[in-house]
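First the structure, in the form of structure tokens, and then the observations on it.
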2 protein chains.
Amino acid sequence: MPDFIIFEDNDPLRESLVYMLNSDKRYKVVYESNSCEHAASLTRIHQPDIVLMDIDMPGISGIEGVKLVKETRPETAVIMYTVFEDDEKLFACLCAGANGYLLKKTPPARLFDAIEEVLEGGAPMNPSIASRVIASFKKKQGNQKYDLSPRELEVLQLLIKGHSTKIIAATLFISFETVRSHLKNIYNKLHVNCGKEAIAKVLNERIL
Amino acid sequence: MPDFIIFEDNDPLRESLVYMLNSDKRYKVVYESNSCEHAASLTRIHQPDIVLMDIDMPGISGIEGVKLVKETRPETAVIMYTVFEDDEKLFACLCAGANGYLLKKTPPARLFDAIEEVLEGGAPMNPSIASRVIASFKKKQGNQKYDLSPRELEVLQLLIKGHSTKIIAATLFISFETVRSHLKNIYNKLHVNCGKEAIAKVLNERIL
DNA sequence: TTAGAAATCACTCAAAAGGGGGATGCCGGT
DNA sequence: ACCGGCATCCCCCTTTTGAGTGATTTCTAA
């Protein structure tokens, strides 16, 4: 049963979302909040599968909120639920790692579809949003969500072939210790703790 | 009259094969080579009906050779003619598209039978080879070429999520040392030396 | 019935990997 | 001129892993 957290400052709307989701026995809202103030710690504590996030909230915006959630727990799917239709906020959210982008005019039934869609790894969004995203692909290349340096990429590519630190060092003609440094930085950027996790993450999420 | 190409680096053997086949007025050897270096272009040029292919050759192996021939001209029948009886090479050849697999200990008379067999669309192979192929089909469904036990599969599935030995042990409610035993066996069966290589191999070759 | 697998656990030893520091030099932007 | 990112290297220390051996139990198939 997927766990939800809802960030939405409009009280009636938030409550009706909570009510809707909890009415469906497939879902469970484990937390609701009217601000992104503690998005990171809430995510760490509740380990939600899906986060519904408004953009326009007092204090920390939903765009920052997405970053906080994703940095804390990248596997949590974040669906933006907002009135904003302008490109700037849209792309800011997607760059921050949002999995879906729904307008508040979206009928509730479509919301449930969207939830199922993200659970299956999809990226639900309104048609008008989708077309803008497609259009942007002509130039925008969303590779570096992990912001790895060129050298780190080289090291990572060797790592995911299963090579040891020694072999990587020999291959790149640099010292063992340097490779270790790169690996430490890579692990931090990928939010993993060891090479095995890194390989698993990269290959499963086809990051490279 | 079916045309032959023979790839065999052992000169006396290759020459005797050529002599044998050309002595039979039903067959014609249109080319012979001691390496698979130009297997693709030779196949394109001579359009052979049958290729006799050794496995162990300097440079490009016969296994690669089969691929080259089959990619160039799928209707050409390839008969592997080799001393190797081990499963790994056998299955590699069959996966690469070999039509038959004969051991060099096969008497010449049987070789002619085999040629007729492939010309009729059959798949000639020595009984010992055939039995291994049949045997492999029982398990081939579940996990493919690596014959992992059910428990080993469970461990491997956790491994490729990047989990540590400790975590795997806790997840399966077995001891740390048992997981280590399973991992050692898995590494042997996958022909790798460490977990990172195993993850890389499994995910890159989408074995699971 | 017995030989062989599968699964379980244990112990040793050495190598590899991970986490924490810190240091240097280079380069680009403010 | 200064700061930050990048790449390079070094040290210390702990944990994890790999490799080798060996043992027990259970179950199945020859």
Side-chain angles (χ1 to χ4, degrees), chain A residues 67 71 143-203 208, chain B residues 87 127-128 131-132 134-203 208:
Chain A
K67 290 181 191 166
E71 280 168 13
N143 172 31
Q144 301 315 325
K145 56 181 163 178
Y146 294 100
D147 192 33
L148 297 172
S149 75
R151 200 51 157 172
E152 285 162 356
L153 271 176
E154 286 185 85
V155 172
L156 183 54
Q157 277 160 357
L158 292 172
L159 181 74
I160 64 175
K161 290 184 169 184
H163 294 157
S164 68
T165 308
K166 264 189 189 174
I167 301 294
I168 295 173
T171 305
L172 297 178
F173 302 106
I174 56 180
S175 97
F176 178 80
E177 287 298 332
T178 302
V179 176
R180 272 166 49 78
S181 285
H182 287 313
L183 287 175
K184 290 173 199 172
N185 294 329
I186 290 169
Y187 297 163
N188 279 327
K189 291 183 180 180
L190 295 190
H191 307 293
V192 298
N193 300 304
C194 67
K196 292 191 302 187
E197 279 183 43
I199 298 171
K201 176 160 194 161
V202 170
L203 295 182
L208 289 183
Chain B
D87 285 5
S128 63
S131 68
R132 271 213 285 283
I134 299 302
S136 81
F137 264 95
K138 294 178 195 159
K139 317 165 183 175
K140 214 71 168 203
Q141 316 308 329
N143 82 74
Q144 257 122 47
K145 39 188 177 288
Y146 297 99
D147 192 34
L148 297 172
S149 75
R151 199 52 155 174
E152 285 163 355
L153 271 176
E154 286 186 83
V155 173
L156 183 54
Q157 278 160 355
L158 293 171
L159 181 73
I160 63 175
K161 291 186 167 182
H163 294 156
S164 69
T165 308
K166 266 189 186 173
I167 302 293
I168 295 174
T171 305
L172 297 178
F173 302 107
I174 56 180
S175 100
F176 178 80
E177 287 298 333
T178 301
V179 176
R180 275 160 53 83
S181 283
H182 286 313
L183 287 175
K184 289 172 205 170
N185 294 329
I186 290 168
Y187 297 163
N188 279 327
K189 290 183 180 179
L190 295 190
H191 309 294
V192 298
N193 299 305
C194 66
K196 291 191 303 188
E197 280 183 40
I199 298 172
K201 176 159 193 164
V202 170
L203 295 182
L208 289 183

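Atom set for the values below is all heavy atoms of this structure, side chains included, hydrogens, waters and symmetry mates excluded. Throughout, a chain's letter reflects where its sequence line sits, starting with A, and its residues are numbered from 1.
- Here the straight-line distance linking atom CD of A/Glu197 with atom NZ of B/Lys161 works out to 12.5 Å at 0.5 Å rounding.
- Taking atom CZ of residue B/Arg151 and atom C1' of nucleotide D/dC27, one finds them 16 Å apart after rounding to whole Å.
- Atom-to-atom, OH of B/Tyr187 to P of C/dA16 comes out at 15 Å; the value is rounded to the nearest Å.
- To the nearest 0.5 angstrom, B/Leu159 atom CG is 5.0 Å from B/Tyr187 atom OH.
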Inset, instruction - Go through the steps to decide whether B/Leu172 and B/Leu158 satisfy the test side chain to side chain contact (heavy atoms under 4.5 Å, CB included), and finish with yes or no. - result: CA-CA 10 Å; B/Leu172 297 178; B/Leu158 293 171; 3.8 Å; yes
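- To the nearest 0.5 angstrom, B/Leu148 atom CG is 5.5 Å from B/Leu190 atom CG.
- For A/Ser175, the side chain to side chain donor-acceptor pair (under 3.5 Å) partners are A/Thr178, not counting sequence neighbours.
- Applying a 4.0 Å cut-off to non-hydrogen atoms, the residues of residues 166-185 of chain A that approach DNA chain C are A/Lys166, A/Arg180, A/Lys184, listed by residue number.
- For A/Thr165, a side-chain nitrogen or oxygen approaches OP1 or OP2 of C/dA17 to under 4.0 Å.
- D/dT14 atom C1' lies 15 Å from atom CG of A/Asn193, rounded to whole Å.
- If you measure from atom CD1 of A/Ile186 to atom C1' of C/dG18, you get 14 Å, rounded to the nearest angstrom.
- With rounding to whole Å, A/His191 atom NE2 is found 18 Å from C/dG19 atom C1'.
- Using a 4.0 Å cut-off, some side-chain N or O of B/Lys196 falls inside it from OP1 or OP2 of C/dA17.
- Rounded to the nearest 0.5 Å, atoms CD1 (B/Ile186) and OG (B/Ser149) are 7.5 Å apart.
- Going from atom CD of B/Glu197 over to atom C1' of C/dA16 covers 13 Å, rounded to whole Å.
- In terms of phosphate contacts, B/Lys189 brings a side-chain nitrogen or oxygen within less than 4.0 Å of OP1 or OP2 of C/dA6.
- Atom P of nucleotide D/dG5 and atom CD of A/Glu152 are separated by 12 Å, given to the nearest angstrom.
- The only member of A/Ile174, A/Ile168, A/Ile167 that meets side-chain contact (heavy atoms from CB on, under 4.5 Å) when paired with A/Thr171 is A/Ile167.
- Distance alone, capped at 3.5 Å, places no donor-acceptor pair between the A/Lys196 side chain and the B/Gly195 backbone.
- Under the side-chain contact (heavy atoms from CB on, under 4.5 Å) rule, A/Asn185 has a single partner from A/Arg151, A/Glu152, A/Arg180, which is A/Glu152.
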Legend entry - Letter per nucleotide, 5' to 3', of nucleotides 23-30 of chain C [B base touched, S only sugar-phosphate touched, - untouched; heavy atoms, 4.0 Å]: --------
